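As the structure is a prediction and not an experimental result, all values here were calculated from the model. Quick note: residue numbers are just sequence positions, from 1.
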Amino acid sequence: MAKFSATTVKSLQNEIMRRANLALDNEVASNVKEKLKSHVQKDVYSTYSPVEYERRKENGGLVDENNIKHKVRERTLYVYEEAPIEGPRLDAPNWVNKPDSLARIIEDGAYNPWNYRNYQWTKPRPFMENIQDDINYRYADIVKLLKNRIEHDN
């Protein structure tokens, strides 16, 4: 591994920020995505078993790798869920084509557009909020991932 040497404070700051962004884009994003999957299982899927439809799970649902996205902007990691709402289930123009529609409906709860009665699925299941709480509680894990990348990357 080649050693990094900085000739100015600015170049040292830039290198540290570059390494932090790499850690966020790789190790930290991977860690947060695993937490997301765990919380979807615990906070969403295990709360009840649907009888009128089949959950998509890893096949286009909330834990499908293709629906869990992330981006890093200015040393901030954003992890978001893009599982789409399926067709005629909820034909509300303000929800259907938004990338986080299904996640927001589950997180905040939803009204029942068919008969307006309350069901298990209409109650909020705040998995995203719980992920953030989990990360905040275990922030030392994230700090360790960042520290390892900053200290050992070249």
Side-chain angles (χ1 to χ4, degrees), residues 15-154:
E15 181 62 17
I16 291 170
M17 292 304 112
R18 183 188 74 78
R19 292 179 186 192
N21 281 335
L22 282 173
L24 289 170
D25 198 29
N26 294 295
E27 295 89 352
V28 177
S30 178
N31 179 279
V32 171
K33 287 178 179 183
E34 287 306 311
K35 286 183 187 299
L36 185 144
K37 288 179 186 180
S38 173
H39 276 280
V40 166
Q41 241 0 304
K42 184 174 94 178
D43 303 333
V44 178
Y45 291 156
S46 70
T47 59
Y48 76 97
S49 296
V51 293
E52 295 184 17
Y53 64 93
E54 201 172 308
R55 288 188 168 138
R56 294 175 285 165
K57 295 186 179 184
E58 296 90 4
N59 189 22
L62 293 171
V63 291
D64 186 331
E65 291 282 334
N66 296 322
N67 291 331
I68 303 171
K69 308 289 185 179
H70 79 276
K71 64 183 172 184
V72 176
R73 298 278 191 271
E74 298 179 17
R75 299 173 311 278
T76 302
L77 171 66
Y78 301 90
V79 176
Y80 50 99
E81 175 60 63
E82 287 193 339
I85 294 174
E86 276 190 338
R89 286 192 184 161
L90 185 62
D91 190 21
N94 59 331
W95 286 96
V96 172
N97 293 319
K98 296 203 172 153
D100 66 345
S101 297
L102 182 59
R104 286 196 306 157
I105 287 173
I106 293 169
E107 182 80 12
D108 300 335
Y111 73 96
N112 180 343
W114 297 283
N115 61 20
Y116 303 102
R117 285 189 258 168
N118 288 326
Y119 293 99
Q120 289 261 7
W121 63 268
T122 61
K123 295 176 184 162
R125 291 169 281 163
F127 70 102
M128 295 299 272
E129 183 180 319
N130 293 343
I131 295 164
Q132 186 64 60
D133 291 345
D134 189 13
I135 291 168
N136 292 347
Y137 181 73
R138 299 183 193 320
Y139 72 92
D141 296 344
I142 303 295
V143 170
K144 185 177 178 181
L145 292 170
L146 284 166
K147 185 178 176 187
N148 285 341
R149 174 62 83 141
I150 290 170
E151 288 178 351
H152 302 292
D153 197 29
N154 64 4

Thinking salt bridges, do E15 and R18 make one under a 4.0 Å N-O criterion?
yes

Test your reading of the model: is there a side-chain donor-acceptor pair from E129 to the backbone of E107, 3.5 Å cut-off?
no

Reported CD1-to-CG distance for the pair I150 and L145, which is rounded to 0.5 angstrom
11.0 Å

Minimal heavy-atom distance between G61 and E81, with the atoms involved, is O-OE2, 4.0 Å

Would you say the side-chain atoms of D43 and H39 include a donor-acceptor pair closer than 3.5 Å?
yes

dist N130:CG -> I135:CD1 (nearest 0.5 Å) comes out at 11.0 Å

Give, for atom NZ of K35 and atom CG of D133, the distance between the pair rounded to the nearest 0.5 Å.
12.0 Å

Counting N and O atoms only, with roles assigned by atom type, does the side chain of N67 sit under 3.5 Å from a partner on the main chain of L62, one being a donor and the other an acceptor?
no

Do R149 and N26 come close enough that some side-chain heavy atom pair is under 4.5 Å?
yes

For side chain to side chain contact (heavy atoms under 4.5 Å, CB included), just list the numbers for M128 and L36, CA-CA rounded to whole Å, side-chain angles, deciding distance to a tenth of an Å, and then say yes or no.
CA-CA 7 Å; M128 295 299 272; L36 185 144; 4.0 Å; yes

Working to the nearest 0.5 Å, report the span between CZ of R104 and OH of Y80.
14.5 Å

For G60 and P84, which heavy atoms make the closest approach, and how far apart are they?
O-CD, 4.0 Å

CZ of R138 to CG of N31: how many Å apart, nearest 0.5 Å?
10.5 Å

Has the side chain of E27 got a donor or acceptor atom that lies under 3.5 Å from a matching backbone atom of L146?
no

Ignoring hydrogens and angles, write down the donor-acceptor pairs under 3.5 Å from the side chains of residues 70-77, residues two or more places apart or on other chains.
residue, atom, partner, partner atom, Å
H70, ND1, K33, NZ, 2.9
H70, NE2, D25, O, 3.1
H70, NE2, D25, OD1, 2.8

Assess R55 against Y48: is NZ or CZ under 6.0 Å from the centre of the six-membered ring, and within 45 degrees of the ring's axis?
yes

